[in-house]
Structures are given as C-alpha cells and as structure tokens.
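Worksheet for the structure shown next.
So that the names make sense, note that chain A is the first sequence line, chain B the second, and so on, each numbered from 1.
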Protein chains: 2
Amino acid sequence: MPDDFDLRILTALQADARMPANDLADRVGLSAPACYRRTRALRETGAIEREIAIVSPKTMGWTITMIVLVTLERDRGRIIDDLVRSLKVAPEVMDVWYVTGDHDLVLHVAAHDMASYDDFTRTTLHAAEHVRSFKTLVVMDHAKRNAALPPAHLG
Amino acid sequence: MPDDFDLRILTALQADARMPANDLADRVGLSAPACYRRTRALRETGAIEREIAIVSPKTMGWTITMIVLVTLERDRGRIIDDLVRSLKVAPEVMDVWYVTGDHDLVLHVAAHDMASYDDFTRTTLHAAEHVRSFKTLVVMDHAKRNAALPPAHLG
DNA sequence: GGTGAAAGATTGACCGC
DNA sequence: GCGGTCAATCTTTCACC
C-alpha cells in the first residue's frame, strides 16, 4: 500500500520521469537515497509500469489517428480473445479498451495515411469473426494528451 | 527533419526513457555524447514532448475509467473552445480528441467511483452550452495501453 | 561526430531509530 | 521495518578536436 510519500513520488515522476532524485527529495521531504529506494520498490511492485518518452506522432511518421468503436456479435465469449490478441500485436493499435455500453471495444489506432488505415481495417477488423460492425472516428486534433494519470489524492 | 539515427533514438526512448546514453549509443551506432546531443535537440524541438512514468491507475486511487462520446449542437464554432478549455483543466480528463464522424469529441476520463464520475458529468458536461448529448462507455479492461507510438519506419 | 575529463546523479554500505 | 549520511560507481554533460 503506497503512503503519501509514494504518492508524491508517483505524481512527480508522472510529470517528469527524469527528475533527479535530489529534486524529488526536496519535493517529497525525504533524502535522495530514500526516494531512490522507494522509486525502485515502486518499479518492482509494478506501481510504476514503465518510463517512456512521449514522442510527437508527426515526427514518427504517423500523420493520422482514429478512434474505432467496435461492436461484436452477441455471443462474444472467449472467441474475442483472438481478436484482442491480434490487436495487441498490431503496431498501429495504441490502445484497446473493453467497454460496456453502446459498443464492445474502443481502439485508438495510428496510420500513415487513409490507405494504410483501410488496409488495417481489412486485415484486422473485417477479417475477424464476431465483429458485427465498427465505426471510425477520425481524429482531427488530440487536444489533451495526458498519458499520465490524474494526480493522486493525498491523505 | 529527423534522420534514421533520430528515429532509432526516439523508438528506443519510447520504450524506455531511462535507457543510458551508452546503451542507446550501442543500439543506434553513435557515441554516447552524440546520442546525448541528439536527444537534447529532440527535446528542444518538441519531437520528444516529455518523459513520464506510466503509473498503475489503481495505485493512484483511480479505480474506473470511461470513454465518453460527446455530440455537440450543430452550430459549434469557437464556443466549444470554452468546453475544451474546461476539459483541459479538469484533472480527471486524460485525453480529449476532436473527431469527425458520429460524434464530435471523445474523452478518456478517470474517476474514483461512479458517484464522482456523475459529479464530473454534471459540472462539466451537462453544465456546458452546446453539448447536445453524450454517451458513456465504462471501461472494463484497458487491454492494451501503449502510451508510446508505433515504431517509426526506418529508411 | 568522436575523445577524454569534469560535474552530477544513482546506487550501495553502514548506522541509528 | 524505516530513513539518514557518506562514499563509490555510473551517467550525463562539457570542452576540444
């Protein structure tokens, strides 16, 4: 169970994973080695899943992204695992959410252009069993991109 | 314009922002100082937007997330800037996408529980002008969470 | 962009609570 | 178990070519 020191560390590292342990120490009120030990423990327990650079999509050659709302046949059971497995492997697929409501899956997909997105839908979605239908919402602007979570509530 | 060295650096740092410049150097085929200079330039030009820790939502006390499909009145002009501004400020809102298609905005929202999500919809969505309707898709599982982009295509 | 050295950060050993 | 101090090690960063 994380205490407030841990939550402060996590909140700081969510904003800047490269913050030196010394700055972290000042912020959370511990010594640098104490911050380091806690940070290491947070990594080992999986509270920190990974530490990554957020890169501009255009720089990486991904010019468009789509939100895809997928509706499955109404006997979806474990068979959709096959679909999800193929989505996990597909590099263009950045996020897969299982949802309840008007749809069953929501995807966040990157593409170089519309033609390559069409390819993706053909090989991955149209080809899949149990996909009844899907709707593509083309992203015009990613107005807020907060890969980090909201800050934790401190006790 | 990034060359292949830059793209390799970006691809590596997307997977692990803490990779030492020495390892980076081995991977991309440059010396550590060269990698460092390129990395710094990539930060300064905004190709690297930021470097963050991906934290487990449950550790941070965010137990549920939602995908929200927002439909606006059909005279949305600049007025929706007010809505987007409030969404950008709201800590629970992790992503805001402007989209074309059956809806106008897609949100990715975190909440501590359903009651606090209800609060959010009341204060931020129901209260907003020009929101015609919205649909909430409750996330049951974030099966793929790839805050990083797909790898770049190298020439 | 490479080399080598200075500056700074991370990590380990050890002590005390 | 926890954190603190000090020191060794490793990384980042700079100066110079």
Only one of A/V99, A/V70, A/V96, A/V68 clears side-chain contact (heavy atoms from CB on, under 4.5 Å) with A/V106; which?
A/V99
Do A/D6 and A/R38 sit within salt-bridge range, that is, some charged N less than 4.0 Å from a carboxylate O?
yes
Give the rounded distance in Å between these two atoms: CD of A/E44 and P of C/dT11.
11 Å
Taken to the nearest whole Å, CG/A/D26 to P/D/dG3 is 16 Å
Between D/dC14, D/dG3, C/dA9, which nucleotide has the shortest distance from any of its atoms to the side chain of A/N22?
C/dA9
Expressed as a whole number of angstroms, how long is the span from A/R38:CZ to D/dC2:C1'?
8 Å
By nearest nucleotide on DNA chain D, pick out whichever of A/R18 and A/P33 is the more 5' one.
A/P33
Given atom CG of A/D23 and atom P of C/dT10, what is their separation to the nearest angstrom?
9 Å
Is a salt bridge present between B/R43 and B/E49, judged by a nitrogen-to-oxygen distance below 4.0 Å?
no
Nearest-Å distance for atom pair CG/P, residues B/L24 and D/dT11:
12 Å
Taken to the nearest whole Å, CG/A/L13 to C1'/C/dA9 is 14 Å
Of all heavy-atom pairs linking A/A111 and A/M66, the shortest is CB-CE, 3.9 Å
Winner on side-chain proximity to B/Y36, out of D/dT12, C/dG12, D/dG4, is D/dT12
Euclidean distance, atom CG of residue A/L42 to atom P of D/dC2 [Å, nearest integer]
12 Å
Do A/W97 and A/D95 have side chains that get closer than 4.5 Å, going by heavy atoms?
yes
Between atom CG in A/L30 and atom P in D/dG1, what is the gap in whole Å?
17 Å
Please figure out whether B/A34 or A/A32 has its closest DNA chain C nucleotide nearer the 5' end.
B/A34
Closest listed nucleotide, where the reference is the side chain of A/R40 and the choices are C/dG12, D/dT12, C/dA9:
C/dG12
Assign B/R37 to base, sugar-phosphate, or nothing according to its heavy-atom contacts below 4.0 angstrom with the strands shown.
base
